[in-house]
Amino acid sequence: MNTNVYNFDSIKLDKRKSLLAAGELLYPYSYDVLYQINNIILEVEELENTGKPINFLVQIAGRVWSKRKMGKSLFLDIKDDTNKIQLYANKNKLSEQEWNSINLLDLGDIIGIRGEVFRTRKGELSIRISAFEILSKTVVPIPIGKQTGEKTYNQLSDVETKYRERYLHWMLNSKDKEKISLRFKIISEIRNWMISNDFIEVTTPNIEFVYGGAEARPFKTKIWALNNQDAFLRISPELYLKRFIVAGFPKVFTICQNYRNEGIDYSHNPEFTMIEWYEAFTDYNFQMKRFENLISSVCEKVHGTTKITYQGIEIDFTTPWKRLTMIDALKLYINIDANNSDVEVLKLELEKREIEFQENITWGVAVAKLFEETCEENLIQPTFITDHPVEISPLTKIKRGNNRLVERFEPFVCKMEIGNAYSELTDPVVQLERFMQQKEMQAFSDNKRKNYTDNPIDADFIKAIGCGMPPTGGVGIGIDRIVMLLTDTKTIRDIIPFPMVKPKN
RNA sequence: GAUUCAAUAGCUCAGCUGGUAGAGCAUUUGCCUUUUAAGCAAAGGGUCCUGGGUUCGAAUCCCAGUUGAAUCACCA
């Protein structure tokens, strides 16, 4: 057996063999864990505070974190998911087999032990082993660091391992392990909040024949059972969630992966997590309140306060958040009155700032470009940017009183766009027109985008809203970015459990 | 996709203008008499990322590739 690719270590394999030969199970079926290390520490504290003896019996399990042999004594540190504690083994107190086995332990091995709590002469809280069992023998070397005073040796710090071998990284780096737990806690809190507000959780297909609801390059696949018909991974759940609304589910949400075949960087991963919800009979003004309430309440649940620090900047999620129309943002940050400027004036402003654009650019696209390039960087505290140009928002109702704009908002925090929401377009005839315009624009768009698959209009979706869709407010949130903010994390890869890495070889 | 930087022992790293491949930790063996000492001694361990080139001689210089990181581009 060539075990090179698996990193099996021949010495450890030999140890495994001798332990099995000695009758150790090495990979048993279960173990009764009666204490967590933290509980032992708490109990000792309590007993010592009341002046009582601390010699109680415990049974715990964990990984060997350090091993120090001294003649007929052996000291081990083991670590469970709560803490670390020292174990003391003495040759005379154990059977020969137990003593031999314990000497064959490697750092990283998982053991279960029974014994009495005591303090050594130096005062270190320890457990005197009276029985032990190997629960898993490692055959791969675990790079557990060693500390001598200030110095730490041997600590795994290779970034590649960090992302490729997450099990090792989390095992050895409790801060990042904590971060990932927090991610899932945040998602649970979001889900709880939705459910407590009477939304029902639904799912939409991961594999679709027509993709839509966003503009992005999709992942393509083929369906074997249907004559290898082309299919795509979902880029957005929007068009399916709206079918629920049409059908008479007034409050629906989904927490799902979206897949976009685009660049990978500190804030983008090809698959990412979103929550998207739709609520019948509401508009975007109502949804702004939902949004800020959700985020500030989740923040309070996980941090106990609505104020956080992100990369050294204090962020205040306390409601209500600032609201600023895109037009007002341009006025505020670069003093341009876009409302009273025609596209030629805006082109000059773009040129002045060396922002590239296409000759046939429209007023709305110019407004959006100017905003992106000049205003986003100013949006540090939670701010709703509202009322986008209609050209860039094909699924949104026209702004009441201004038919160049739509009723849409994007919340920004720390220059990051963390969501997107609309008064959803519910007129099927207008929706069809917008889709057609969108297709035309795509045909014109730059060749960088050329390799987008030519995607047909989702006719069934048009039919669905043709069957009558109530006025609806809809919101999408990039959960990964929320998690980045709430865990003070700079790159998305740190808070995605298994971020995309190029395969080896 | 572009640019810059990086890859050396299981892990973390050093290795100068090209001249026998190094350290600490981990590992193995020995020592260690019994609530510590995160000890002590010795040993084993290398395709210096891969492939070419220059050279008497390459971990080191050059070219190409692989993988990673940062920045940028793309991601309405």
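Residue numbers start from 1 in every chain, and the chains themselves are labelled A, B, ... in the order their sequence lines are given, proteins ahead of strands.
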Going by side-chain contact (heavy atoms from CB on, under 4.5 Å), A/V58 matches just one of A/I85, A/V117, A/I37, A/N39. Which one?
A/V117

Between C1' on B/A38 and CG on A/L107, what's the gap in Å once rounded to a whole number?
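Answer to the nearest Å: 11 Å.
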
Please report the distance separating the P of B/A70 from the corresponding atom of B/G24, rounded so that it comes out in whole Å.
33 Å

By nearest heavy atom, map A/R68 and A/T161 onto RNA chain B; which one lands nearer the 5' end?
A/T161

Nearest-Å distance, CD1 (A/I11) to C1' (B/A43)?
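The distance from CD1 of A/I11 to C1' of B/A43 comes to 11 Å, rounded to the nearest Å.
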
Begin from the C-alpha positions of A/K137 and A/D106 and carry the test salt bridge (charged side-chain N to carboxylate O under 4.0 Å, His left out) through to its verdict.
CA-CA 8 Å; A/K137 179 84 196 83; A/D106 288 308; 2.6 Å; yes

Distance, P atom - from B/U66 to B/A21, rounded to whole angstrom
30 Å

Within a strict 4.5 Å, meaning less than it, do heavy atoms of the A/P499 and A/F272 side chains meet?
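Side chain of A/P499 against side chain of A/F272, heavy atoms only: no contact under 4.5 Å found.
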
Quote, to the nearest angstrom, the C1' distance that separates B/U28 from B/G44.
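7 Å, rounded to whole Å.
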
Both A/E391 and A/V501 contact RNA chain B. Which one's nearest nucleotide lies toward the 5' end?
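Here A/V501 is the residue nearer the 5' end.
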
Kindly assign one of parallel, tilted or perpendicular to the pair A/F56 and A/Y35, based on the angle between their ring planes and the thresholds 30° and 60°.
tilted

Expressed as a whole number of angstroms, how long is the span from A/I264:CD1 to B/U71:P?
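Result: 15 Å.
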
Which value, in whole Å, describes the distance between the C1' atoms of nucleotides B/U27 and B/U12?
16 Å

Can you see whether A/W65 has A/K79 sitting over its ring - NZ or CZ less than 6.0 Å from the centre and within 45° of the normal?
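Judged by the rule, A/K79 and A/W65 form a cation-pi pair.
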
Convert the base pairs of RNA chain B into dot-bracket notation, remembering that pairs crossing earlier ones are written with [ ] and that bases paired across to another strand are shown as |; include only Watson-Crick or G-U pairs under 3.5 Å.
(((((((..((((.....[..)))).(((((.......))))).....(((((..]....))))))))))))....

Any idea how A/F291 and A/F384 line up, ring-wise: parallel (<30°), tilted (30 to 60°), or perpendicular (>60°)?
perpendicular

Rounded to whole Å, NZ of A/K415 lies from P of B/C75 at a distance of 20 Å

Using a cut-off of less than 4.0 Å, is there contact between a side-chain N or O of A/K502 and OP1 or OP2 of B/U67?
yes

Could you check how far CG of A/L172 sits from C1' of B/G10, rounded to whole Å?
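Rounded to the whole Å, the gap is 13 Å.
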
Ring centres of A/F357 and A/W363 under 6.0 Å apart?
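No, ring centres 6.0 Å or more apart.
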
Mind checking the C1' distance from B/A26 to B/C63? Whole angstroms is fine.
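About 38 Å, rounded to a whole number of Å.
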
Can you tell which of B/A38, B/C74, B/A76 lies closest to the side chain of A/E262?
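Nucleotide nearest to A/E262's side chain: B/C74.
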
Integer angstrom distance from the P of B/C16 to that of B/C49:
14 Å

Quiz question: going by heavy-atom distance under 3.5 Å, is there a donor-acceptor pair between the base of B/C74 and the side chain of A/D265?
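Looking at the base of B/C74, it does pair with a donor or acceptor on the side chain of A/D265 (distance under 3.5 Å).
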
Stepwise side chain to side chain donor-acceptor pair (under 3.5 Å) check, A/E24 with A/S101
CA-CA 8 Å; A/E24 296 286 349; A/S101 297; 2.6 Å; yes

Between A/I235 (CD1) and B/A76 (P), how many Å, whole number?
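Interatomic distance, CD1 of A/I235 to P of B/A76: 9 Å.
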
Nearest-Å distance, CD1 (A/I492) to C1' (B/C75)?
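Rounded to whole Å, this separation is 12 Å.
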
Of all the nucleotides listed (B/A38, B/U28, B/C75), which has the minimum atom distance to the side chain of A/H268?
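Looking only at heavy atoms from C-beta outward on A/H268, the closest nucleotide is B/C75.
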
Between protein and nucleotides 29-32 of chain B, what N or O pairs are separated by less than 3.5 Å?
from  : atom 1 : to    : atom 2 : distance (Å)
B/C32 : O2     : A/G71 : N      : 3.4
B/C32 : N3     : A/G71 : N      : 3.1

Output the single nucleotide from B/G10, B/U28, B/A76 whose closest atom is nearest the side chain of A/P141.
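Ranking B/G10, B/U28, B/A76 by closest atom to the A/P141 side chain puts B/G10 first.
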
Below 4.0 angstrom from OP1 or OP2 of B/G68, is there any side-chain N or O of A/K162?
no

One thing to verify: whether A/R353 and A/E349 come together as a salt bridge, which I'm taking to mean a side-chain N less than 4.0 angstrom from a carboxylate O.
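Between A/R353 and A/E349 there is a salt bridge, with a charged N closer than 4.0 Å to a carboxylate O.
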
Protein-nucleotide distance (A/E356, atom CD; B/A76, atom C1'), rounded to Å
16 Å

Which is true for A/K15 with a 4.0 Å heavy-atom rule: it touches a base, it touches only sugar-phosphate, or it touches nothing?
sugar-phosphate

Interatomic distance at P, B/C62 relative to B/G19, whole Å
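It comes out at 15 Å once rounded to the nearest Å.
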
Using the C1' atom in both, what is the distance from B/G15 to B/C48, to the nearest Å?
10 Å

Answer yes or no: does a side-chain N or O of A/R164 lie under 4.0 Å from OP1 or OP2 of B/U67?
no

Give a yes or no on this: more than 12 heavy atoms of other residues, nucleotides or ligands lie within 6.0 Å of atom CD of A/E46.
no

Using a 4.0 Å heavy-atom cut-off across all strands, classify A/F219 as base, sugar-phosphate, or nothing.
nothing

Step-by-step side chain to side chain donor-acceptor pair (under 3.5 Å) determination, A/S236 to A/R260
CA-CA 9 Å; A/S236 152; A/R260 295 187 184 175; 5.2 Å; no

